[in-house]
Amino acid sequence: MSDSAALPRLSKLMAERGLCSRREADSYIERGWVKVDGEVATLGLRVSPDARIELLAQARGAQQERVTILLHKPVGYVSGQAEKGYQPAVSLILPERRWGGDTAPLRFQREHLRGLAPAGRLDIDSTGLLVLTQDGRVAKTLIGEDSGVEKEYLVRVAGKLSAEGLAKLNHGLSLDGQPLRPAKVWWQNDDQLRFVLREGKKRQIRRMCDLVGLRVLGLKRIRIGKIMLGDLPQGQWRYLAPGERFD
């Protein structure tokens, strides 16, 4: 194997640095919108890990046009692709459902729906904050392999929870044969727990509760990183405003 073959691909390095997603990187490189150490890059290029990477104005402009939308998802909608009998959450992104309190200086355009995808899951029987984005940087921040962005939930439960069970919810449970990352779980009131997680396995909270003898009656996500659900009404949406960040 040659020395160059051991170097990372430019698109991979761009994604690791948070410049864009790998798919976006390939698109920008193909268009001639990326320079490496002052030279226009070519598709498939392998580079030194400490290479100087520059996005040209066209790539930066394309990124600025990409939108991220915050939706208060109701029960009965799936996060991603439509399933039999259920509509995808993106079907709620209509101009008439835009929250009147949205302060983002953006006018709704049909182009904002193109390539709009959920950055994370929210179960069909759960409500709360769901992020839909066209921006690969946002998706990487929220669902990338090394993402540690907190997600906070209010969870109404039935059943008895011992002190030992509460301790296990915080740290000590495994799912799918893998130990869970430490969480923060405490009682919000007599029948509601507050969960703060740094991961998002499928139906994780419901399965965690089941392991300690609790049944989930209702689940609502109220925060992702620094972004709160706040006063956003159920079934309505708003744009992520300039200057707002999840991390």
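Scope of the values below: all heavy atoms of this structure, side chains included, with no hydrogens, waters or symmetry mates. On a predicted model such as this, the values are computed, not experimentally measured, just so you know.
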Colleague: Heavy-atom count around R121 CZ within 6.0 Å, excluding the residue itself: above 12?
Modeller: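 It does not: R121 CZ has 12 such atoms or fewer within range.
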
Colleague: Which residue is it: K201, R207, R203? I am looking for the one with a salt bridge (charged side-chain N to carboxylate O under 4.0 Å, His left out) to D176.
Modeller: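 Exactly one option meets the salt bridge (charged side-chain N to carboxylate O under 4.0 Å, His left out) with D176, and it is R207.
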
Colleague: Are L45 and V34 packed together at the side-chain level, in the sense that at least one heavy-atom pair is separated by less than 4.5 angstrom?
Modeller: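 Not touching, per the 4.5 Å side-chain cut-off.
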
Colleague: Taking the hydrophobic residues Ile, Leu, Val, Met, Phe, Trp and Tyr, and joining any pair whose side-chain heavy atoms are under 4.5 Å apart, which ones share a cluster with W186?
Modeller: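 Taking Ile, Leu, Val, Met, Phe, Trp and Tyr as members, W186 shares its hydrophobic cluster with V196.
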
Colleague: Remaining members of V40's ILVMFWY cluster at a side-chain heavy-atom cut-off under 4.5 Å?
Modeller: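 Hydrophobic cluster check, V40: no partners found.
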
Colleague: Count the heavy atoms belonging to other residues, nucleotides or ligands that lie under 6.0 Å from CZ of R215, then report whether that count exceeds 12.
Modeller: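 Open.
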
Colleague: Please write out which residues are connected to V78 in a hydrophobic cluster, directly or through intermediates, given that two of Ile, Leu, Val, Met, Phe, Trp, Tyr count as joined at side-chain heavy-atom separations below 4.5 angstrom.
Modeller: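 ILVMFWY cluster around V78 also holds Y86, I124.
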
Colleague: In the structure I gave you, are the side-chain heavy atoms of S147 and F246 within less than 4.5 Å of one another anywhere?
Modeller: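 No; the side chains remain at least 4.5 Å from each other.
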
Colleague: Give the cluster check for Y77 versus V75: same hydrophobic cluster or not, with ILVMFWY residues linked at side-chain heavy-atom distances below 4.5 Å.
Modeller: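 Cluster IDs for Y77 and V75 differ.
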
Colleague: With sequence neighbours excluded, give me every salt bridge (Lys or Arg N to Asp or Glu O under 4.0 Å) pair touching residues 224-240.
Modeller: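 Residue pairs with at least one partner in residues 224-240: R238-E244.
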
Colleague: Check side chain to side chain contact (heavy atoms under 4.5 Å, CB included) between P233 and all other residues, then give those that pass, not counting sequence neighbours.
Modeller: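 Partners of P233 under the side chain to side chain contact (heavy atoms under 4.5 Å, CB included) test: W99, Q236.
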
Colleague: With a 4.0 Å cut-off, would you call E16 and K12 a salt bridge?
Modeller: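 Yes, charged N to carboxylate O under 4.0 Å.
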
Colleague: Going by distance alone, is a donor N or O of one side chain under 3.5 Å from an acceptor N or O of the other, for D50 and S48?
Modeller: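 Yes - a donor-acceptor pair under 3.5 Å links their side chains.
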
Colleague: Taking ring pair (Phe, Tyr, Trp, His ring centres under 6.0 Å) as the test, write out the residues that go with Y239, two or more places apart.
Modeller: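 Y239 satisfies ring pair (Phe, Tyr, Trp, His ring centres under 6.0 Å) with H112, W237 once adjacent residues are dropped.
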
Colleague: A side-chain contact here means heavy atoms from C-beta on lying under 4.5 Å apart; do L240 and I69 qualify?
Modeller: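 A side-chain contact is absent here, since even the closest heavy-atom pair is not under 4.5 Å.
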
